[in-house]
K.L.:
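Structure in structure tokens, see below.
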Amino acid sequence: MKKLRLDIPKTKAELPALIVMFLIVFFGWGAHNHIFGYLGGAVWAVITVPILLVVYNKRKGDYFVEADENGIGWRQHFFSRYNYIPWNYLQRIDYLEYEINFMLKETAQVVSFALSGLSDEQADQLKDYISDAIKNHIESDKNMK
């Protein structure tokens, strides 16, 4: 089975983080400027802007979803980390309108994959690929027994 890789646009993945960082700088600057005057606002900006730039450069990267015959992995947005789930760890998959929920066998934990970063065509392509991969995985387990 061929590997599927769908890229998530950086604008969809990083824009919420950039808005949050802007709000932290702006409201922190406003509060310090109001309490301590112009010097307090300037000190806040001089300290927080480089820190947030370092955090941004450290956390940015590729945003994608990959699926193959072994499992599915993804990194969705700026605040997320890479997740990988092998097919044999799955108990149930629920296809919802805006997300896909993966229920794990041993813990019954539900891991959600939001479809907001993908286009409708990509989301349909991913759902079809997951269904086919699960069918192939079940068939290969039956043949092994």
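Because the structure is a prediction, the values reported are computed rather than measured.
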K.L.:
Starting from Tyr98, walk the hydrophobic network (Ile, Leu, Val, Met, Phe, Trp, Tyr; side-chain heavy atoms closer than 4.5 Å) and list everyone else you reach, by chain and number.
P.N.:
none
K.L.:
Looking at every heavy atom in both Leu6 and Leu4, which two are closest together, and how far apart are they?
P.N.:
CD2-CD1, 4.1 Å
K.L.:
Quick one, Leu126 and Val65 - any side-chain contact, counting heavy atoms below 4.5 Å?
P.N.:
yes
K.L.:
Taking only residues two or more places apart in sequence, or in another chain, which ones meet Asp7 in a salt bridge (charged side-chain N to carboxylate O under 4.0 Å, His left out)?
P.N.:
Arg5
K.L.:
Shared ILVMFWY cluster between Ile130 and Tyr82, side chains joined below 4.5 angstrom?
P.N.:
no
K.L.:
Between Phe113 and Leu118, does the side chain to side chain contact (heavy atoms under 4.5 Å, CB included) criterion hold? Intermediate values first, please.
P.N.:
CA-CA 11 Å; Phe113 175 77; Leu118 302 174; 3.9 Å; yes
K.L.:
Does the side chain of Glu69 reach to within under 4.5 Å of the side chain of His137, using non-hydrogen atoms?
P.N.:
no
K.L.:
Working note: Phe22 + Leu52, criterion side chain to side chain contact (heavy atoms under 4.5 Å, CB included); need CA distance, chi angles, decisive distance, verdict.
P.N.:
CA-CA 9 Å; Phe22 173 76; Leu52 290 177; over 6 Å; no
K.L.:
Partners of Ser119 by side chain to side chain contact (heavy atoms under 4.5 Å, CB included), sequence neighbours excluded?
P.N.:
Glu121, Gln122
K.L.:
Just jot down the side chain to side chain contact (heavy atoms under 4.5 Å, CB included) partners of Ala133, sequence neighbours excluded, or say none.
P.N.:
Met1, Trp87, Tyr129
K.L.:
Quick one: salt bridge (charged side-chain N to carboxylate O under 4.0 Å, His left out) pairs with a partner in residues 123-136, sequence neighbours left out?
P.N.:
none
K.L.:
Sequence neighbours left out, what passes salt bridge (charged side-chain N to carboxylate O under 4.0 Å, His left out) with Asp94? Give chain and number order.
P.N.:
Arg92
K.L.:
Roughly how far, to the nearest 0.5 Å, is CD of Gln76 from CD1 of Ile8?
P.N.:
5.5 Å
K.L.:
Would you tabulate the side-chain donor-acceptor contacts of residues 36-46 under 3.5 Å, counting partners in other chains and residues two or more places apart, or write 'none'?
P.N.:
| from | atom 1 | to | atom 2 | distance (Å) |
| --- | --- | --- | --- | --- |
| Trp44 | NE1 | Val25 | O | 3.3 |

K.L.:
How is the hydrophobic cluster of Leu96 composed, in terms of its other members, when Ile, Leu, Val, Met, Phe, Trp and Tyr link through side-chain heavy atoms under 4.5 Å apart, directly or indirectly?
P.N.:
none
K.L.:
Using a cut-off of 6.0 Å, state whether more than 12 heavy atoms not belonging to Phe26 lie near its atom CZ.
P.N.:
no
K.L.:
Pairs under 3.5 angstrom only: tabulate donor-acceptor contacts from the side chains of residues 53-61 to other protein residues two or more places apart or in another chain.
P.N.:
| from | atom 1 | to | atom 2 | distance (Å) |
| --- | --- | --- | --- | --- |
| Tyr56 | OH | Glu14 | OE1 | 2.6 |
| Asn57 | ND2 | Leu53 | O | 3.3 |
| Arg59 | NE | Phe78 | O | 3.4 |
| Arg59 | NH2 | Phe78 | O | 3.1 |
| Arg59 | NH2 | Phe79 | O | 3.3 |
| Arg59 | NH2 | Ser80 | O | 2.9 |

K.L.:
Under 6.0 Å between the ring centres of Phe64 and Trp74?
P.N.:
no
K.L.:
In sequence, state the C-alpha distance, the side-chain angles, and the governing distance for Lys10 and Tyr63, and then conclude on side chain to side chain contact (heavy atoms under 4.5 Å, CB included).
P.N.:
CA-CA 7 Å; Lys10 283 190 177 267; Tyr63 309 100; 4.2 Å; yes
K.L.:
My understanding is that only residues two or more places apart in sequence, or in another chain, count here; which of them pass side chain to side chain contact (heavy atoms under 4.5 Å, CB included) with Ala31?
P.N.:
none
K.L.:
Can you list the residues that meet the side chain to side chain contact (heavy atoms under 4.5 Å, CB included) rule with Ile35, with sequence neighbours excluded?
P.N.:
none
K.L.:
Can you tell me how far CD1 of Ile85 sits from CG of Leu90, rounded to the nearest 0.5 angstrom?
P.N.:
6.0 Å
K.L.:
Under 3.5 Å, which donor-acceptor pairs link side chains of residues 100-110 to any protein atom two or more places apart or in another chain?
P.N.:
| from | atom 1 | to | atom 2 | distance (Å) |
| --- | --- | --- | --- | --- |
| Asn101 | OD1 | Ser112 | OG | 2.6 |
| Asn101 | ND2 | Glu99 | OE2 | 3.4 |
| Lys105 | NZ | Asn88 | O | 3.1 |
| Thr107 | OG1 | Gln109 | N | 3.3 |

